[in-house]
Q: 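The structure follows.
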Amino acid sequence: MNPEAHLRWNTDVLIIGSGAAGLRAALAASEHANVTLITKTTLTESNTHYAQGGIAVAMNLDDTIALHIKDTCAAGAGLCNVEAVEMMVSEGIPRVAELLDWGANFDWEGTLPRFTREAAHSRRRIVHKGDATGRETTDVLIQRVLNTERIHVLQNTFAIDLLTDADVESGGKDATACYGVTAIVEEQIVCIRAKTTILATGGLGRIYPCTSNPKVATGDGFAAAWRAGCEMIDMEFVQFHPTTLCLDGAPNFLISEAVRGEGGKLLSIRGERFMEKYHENGELAPRDVVSRAIQSEMDLTRFPCVFLDITHKPEEFILERFPTISDTTKRYGLNINMDLIPVRPGAHFMMGGIRTNTDTQTNLKGLYACGEVACTGVHGANRLASNSLLECLVYGARAGTNAATFAESQPAHPPTTPIPSNVGRSLAAPTDRSDNTHTEPIKAVIRETLWKNVSIERNGEGLQETLAKLQDLMESLGRVLTNPEVVDVATVEAVNMLNVALMITQSALARTESRGAHYRADFPSQDDTEWQRRILITHDNTPETISL
Ligand code: FAD
Ligand code: SIN
C-alpha cells in the first residue's frame, strides 16, 4: 500500500483545540507559517466559550504588576514558577490591550474597563463582558482566525494520538519527536502530519460527575501526550469551583465567583451564613477553602447543596451584570432576583498538565503545549480566579510564534515516521459523536470513583481503592485502543478519561501533605520541609518528585 495514502493533511503548524489558547496560537503562528487548526466539534465549543467571570489583568489605576504577581503566588501556595508568573502578568497587559483593539466589547466605566473583584485578588482587576466574557473573547478570536488566509480550520476532527518517531510496538516509550497526530475525520482514521504541533486541548472536568466544564473536556490532550511519552506534572492539583448549579433537570452550569465578588452570600439549608466560620475573608476566601467549607456544610446538614443569595441587589444590576446566569436559571424556574440559588462544588480547572518551559516547549521535539492542558507552573497548587484566560492569551501567543519559528527551520517534508495500524481505516458505522451509550457505563464508574475518593478531600485508603479500580478498568479497556476494530470517539474518550484519572490518583497518592487544591484528610497540614517540590509522572506510571 502506498504509505502516502494515509496522508490526509500536511501542514507547517498543526494546532489542536479552538479555545483561547489554540485560537491565539493560530493567529501568532500564521504570521510566519501555514497553520491547520483542528477541533473536536465546532469552533465555539470549548471551556473558553463558557468563561464567565473575566480576565485578570493589572491595568487598574491602583494596581501593579508586582501586586498581581504577589496574589498569584499566594494562591499557588508556594509552588508557582515565579518566572512564568512574571511573564504572564507583564505580557498579559499588551495581550488584553490587543484583544480590546481587535474589538472585544468588554464593560467600561468612563475611560477604563469596569474592573470587578474575585476571590484572593487584592485589587479589582478583572475585565469582563457581563458574565459572558468567554463568549466575547472567542467571538473576537474566531472572527480573526476565519479572516486569516493562512489558517485552515477543520471542525469535527478528533485527535486520537500523537505521531512520533517511536517504534509503534514500544507504545511510545522511546519517542523523542512529534510529527502531528492521528485523527478521526469524516468517519476515517487519518494522519495529519506537521512540522510542529501545538496541543491546546483544554481541560478534563468531565471525568467528574459534577463539573462546570462542557462535554468536550474529557482530558484528551493530557492522555495523548502521556501515551506519547510527555512529562506530566502537578496532576494532583484539580481545582473545584465552589458554586455550580445544583438543580434537578438542569445541566452542569457555573454560577460565577463574580456573584460573590458583587456581594453574594452563601447560606446553608438552615438559612445561616457559614463562611466566617471557615475563613476571615468569608465568601471571598480562596476557592479551595470555600469548596471545602461548602462540602462540610452539606455533610453537616445532610443536604445536597447550599444556597447563594444575591437578592439584595437591585434587579437592574443583576440583569445587566449577570444576564447569562439570570437567563439560564430562569429556564429552570429560578428567578435569582428573588430566589436563592442552589449550588455545590464541581470540578473546574486542572492546574497541572504537560510540562513545558516558558517557551511552551515539551520534552518532545516539535511538540508545544499551551492553555489548560499545559503546565508551566504558573498556577502552582491553586489557580487565582480569572488567571486562566490570561494564561491562554500569553502562552498561546508564545506557542504560536515559537512553533512557527521551529517549523521554519525544518526540512520541507517531515521524515517518514511509523504509521499506526489503525490509520486509513474507516469506522465501521458512521460515528454519532453524541452517542456514548456503549462507553457510558465505564465513564460512569470512573466519575463515581473519582468523586468519592479523588475530589475535594482525599485520603490514602480511598486513593488506593480508586487506583486498584482504575487499574482493573485499564486491563480491559487498555486493549481496546490497540484494536482498530473498536476505535471511535466515545471509546477513545473513555480511555483518555481513564488515563488522566490514573495520573491524578497516582500523583495525589504520592503527595502526602495538603497544599492548595490538594487536601489530604490523613495529612491535613502543608509540609514545606518535605513538599515544596513537584510531582512528575511519565508514561511508565512512576511518580517522581522534582525540585521547583
Ligand atoms: P479550551 O477553551 O477548553 O479549548 C480546548 C479545545 O480543544 C476545544 O475546542 C476542544 O473541543 C478541543 N479539543 C479537546 N480535545 C480534542 C481532541 N481530542 N481533538 C480535537 N480537539 C480537541 N478562566 C478565567 O480566566 N476566567 C473565567 O471567567 C473563567 N470562567 C470559566 C467558566 C467556566 C464555565 C469554565 C468551564 C471555565 C472557566 N475558566 C475561566 C477557565 C478557562 O475558561 C479555561 O481554563 C480556559 O478557557 C482554557 O482554554 P484552552 O484554550 O486551554 O482550552
Ligand atoms: C468564575 O467566573 O467564577 C470563573 C472564573 C475562573 O475560573 O477564573
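Start at 1 with the first residue, then count along the sequence. Read the numbers this way: they start at 1 and go in the same order the structure lists the ligands and their atoms. Atom set for the values below is all heavy atoms of this structure, side chains included, hydrogens, waters and symmetry mates excluded.
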Q: Using a strict cut-off of 4.0 Å, indicate which atoms of ligand 2 neighbour a heavy atom of Glu257.
A: 1 (C), 2 (O), 3 (O)

Q: Any atoms of ligand 2 less than 4.0 Å from a non-hydrogen atom of Ala385? List them with their elements.
A: 8 (O)

Q: Within the 4.0 Å heavy-atom shell around Ala200, which atoms of ligand 1 are there?
A: 5 (C), 6 (C), 7 (O)

Q: Decide, yes or no, whether a salt bridge links Lys40 with Glu45 under the criterion of side-chain N to carboxylate O below 4.0 Å.
A: no

Q: If we ignore angles and hydrogens, is there a donor and acceptor under 3.5 Å between the side chains of His68 and Asn387?
A: yes

Q: Under 4.0 Å from a heavy atom of Phe349: give me the atoms of ligand 1 that qualify, with their elements.
A: 45 (O)

Q: Can you report which non-hydrogen protein atom sits closest to atom 22 (C) of ligand 1, along with the distance?
A: Lys40 CB, 3.5 Å

Q: Do Arg206 and Asn496 have a side chain donor and acceptor closer than 3.5 Å?
A: no

Q: Quick one: which ligand 1 atoms are inside 4.0 Å of a heavy atom on Arg383?
A: 23 (N), 24 (C), 25 (O), 41 (C)

Q: Need the ligand 1 atom indices (1-based, order shown) with element for anything under 4.0 Å from a heavy-atom of Gly17.
A: 6 (C), 7 (O), 12 (C)

Q: Does at least one non-hydrogen atom of Ala217 fall below 4.0 angstrom from an atom of ligand 1?
A: no

Q: Below 4.0 angstrom, N of the basic side chain to O of the carboxylate: do Arg123 and Asp63 qualify?
A: no

Q: Which residue holds the protein heavy atom closest to atom 53 (O) of ligand 1, what is that atom called, and what is the gap in Å?
A: Gly202 CA, 3.2 Å

Q: Tell me: protein heavy atom nearest atom 2 (O) of ligand 2, and distance?
A: Ser256 OG, 2.7 Å

Q: How far is atom 4 (C) of ligand 2 from its nearest protein heavy atom, and which residue and atom name does that atom have?
A: Arg287 NH2, 3.6 Å

Q: Please list, in number order, the atoms of ligand 1 under 4.0 Å from a heavy atom of Gly19.
A: 1 (P), 2 (O), 4 (O), 6 (C), 9 (O), 51 (O)

Q: Can you see whether Gln52 engages His128 through a side-chain donor-acceptor pair at a distance of less than 3.5 angstrom?
A: no

Q: Does one side chain, of Asn60 or Arg124, offer a donor that lies under 3.5 Å from an acceptor on the other?
A: no

Q: Can you name the atoms of ligand 1, numbered from 1 with element, that are less than 4.0 Å from a heavy atom of Gly371?
A: 52 (O)

Q: Please state which option from Gly353, Cys370, Ser388 has its nearest heavy atom closest to atom 23 (N) of ligand 1.
A: Ser388

Q: Looking only at protein heavy atoms, which one is nearest to atom 2 (O) of ligand 1, and what is the separation?
A: Thr48 OG1, 2.5 Å

Q: Just checking, is any N or O donor in the side chain of Glu262 or Thr116 under 3.5 Å from an acceptor N or O on the other one?
A: yes

Q: Would you mind listing which atoms of ligand 1 come within a distance below 4.0 Å of any non-hydrogen atom of Thr157?
A: 19 (N), 20 (C)

Q: Taking NZ, NE, NH1 and NH2 as the nitrogens, is one of them in Asp71 or Arg125 under 4.0 Å from a carboxylate oxygen of the other?
A: yes

Q: Can a non-hydrogen atom of Asn387 be found less than 4.0 Å from any atom of ligand 2?
A: no

Q: Would you mind checking which non-hydrogen protein atom is closest to atom 31 (C) of ligand 1, with the distance to 0.1 Å?
A: Ala51 CA, 3.3 Å

Q: Check this for me: does any side-chain nitrogen of one of Glu98 and Arg24 sit under 4.0 Å from a carboxylate oxygen of the other?
A: yes

Q: Taking the basic N atoms (NZ, or NE/NH1/NH2) and the acidic carboxylate oxygens, is any pair closer than 4.0 Å for Glu493 and Lys443?
A: yes

Q: Run the side-chain hydrogen bond (donor to acceptor under 3.5 Å, both in side chains) check on Ser212 and Asn252 step by step: do they pass?
A: CA-CA 6 Å; Ser212 62; Asn252 287 309; over 6 Å; no

Q: Between Leu389 and ligand 2, which residue portion shows a heavy-atom distance shorter than 4.0 Å: side chain, backbone, both, or neither?
A: neither

Q: With the threshold set at 4.0 Å, does a side-chain nitrogen-carboxylate oxygen contact exist between Arg447 and Glu440?
A: yes

Q: For the rings on Phe240 and Tyr208, is their centre-to-centre separation under 6.0 Å?
A: yes

Q: So which protein heavy atom does atom 52 (O) of ligand 1 come closest to, and at what separation?
A: Glu372 N, 2.9 Å

Q: Identify whether NZ of Lys or CZ of Arg in Arg292 sits under 6.0 Å from the centre of the six-membered ring of Tyr278 and within 45° of that ring's axis.
A: no

Q: Among all protein heavy atoms, pick the one closest to atom 26 (N) of ligand 1 and tell me residue, atom and distance.
A: Gly54 O, 2.8 Å

Q: Verify whether one side chain among Asn402 and Gln361 offers a donor that lies under 3.5 Å from an acceptor in the other.
A: no

Q: Could you tell me which atoms of ligand 2, counted from 1 in the order shown, lie closer than 4.0 angstrom to a heavy atom of His241?
A: 1 (C), 3 (O), 4 (C)

Q: Look at atom 14 (C) of ligand 1 and say which protein heavy atom is nearest, naming residue and atom and giving the distance to 0.1 Å.
A: Thr201 O, 3.3 Å

Q: Find all atoms of ligand 2 within a distance of less than 4.0 Å from any non-hydrogen atom belonging to Ser386, and give their numbers and elements.
A: 6 (C), 8 (O)

Q: Would you mind checking which non-hydrogen protein atom is closest to atom 15 (N) of ligand 1, with the distance to 0.1 Å?
A: Asp220 OD2, 3.2 Å

Q: Out of His348, His241, Glu118, who is nearest to atom 39 (N) of ligand 1 when you count heavy atoms only?
A: His348

Q: Quick one: which ligand 2 atoms are inside 4.0 Å of a heavy atom on His348?
A: 4 (C), 6 (C), 7 (O)

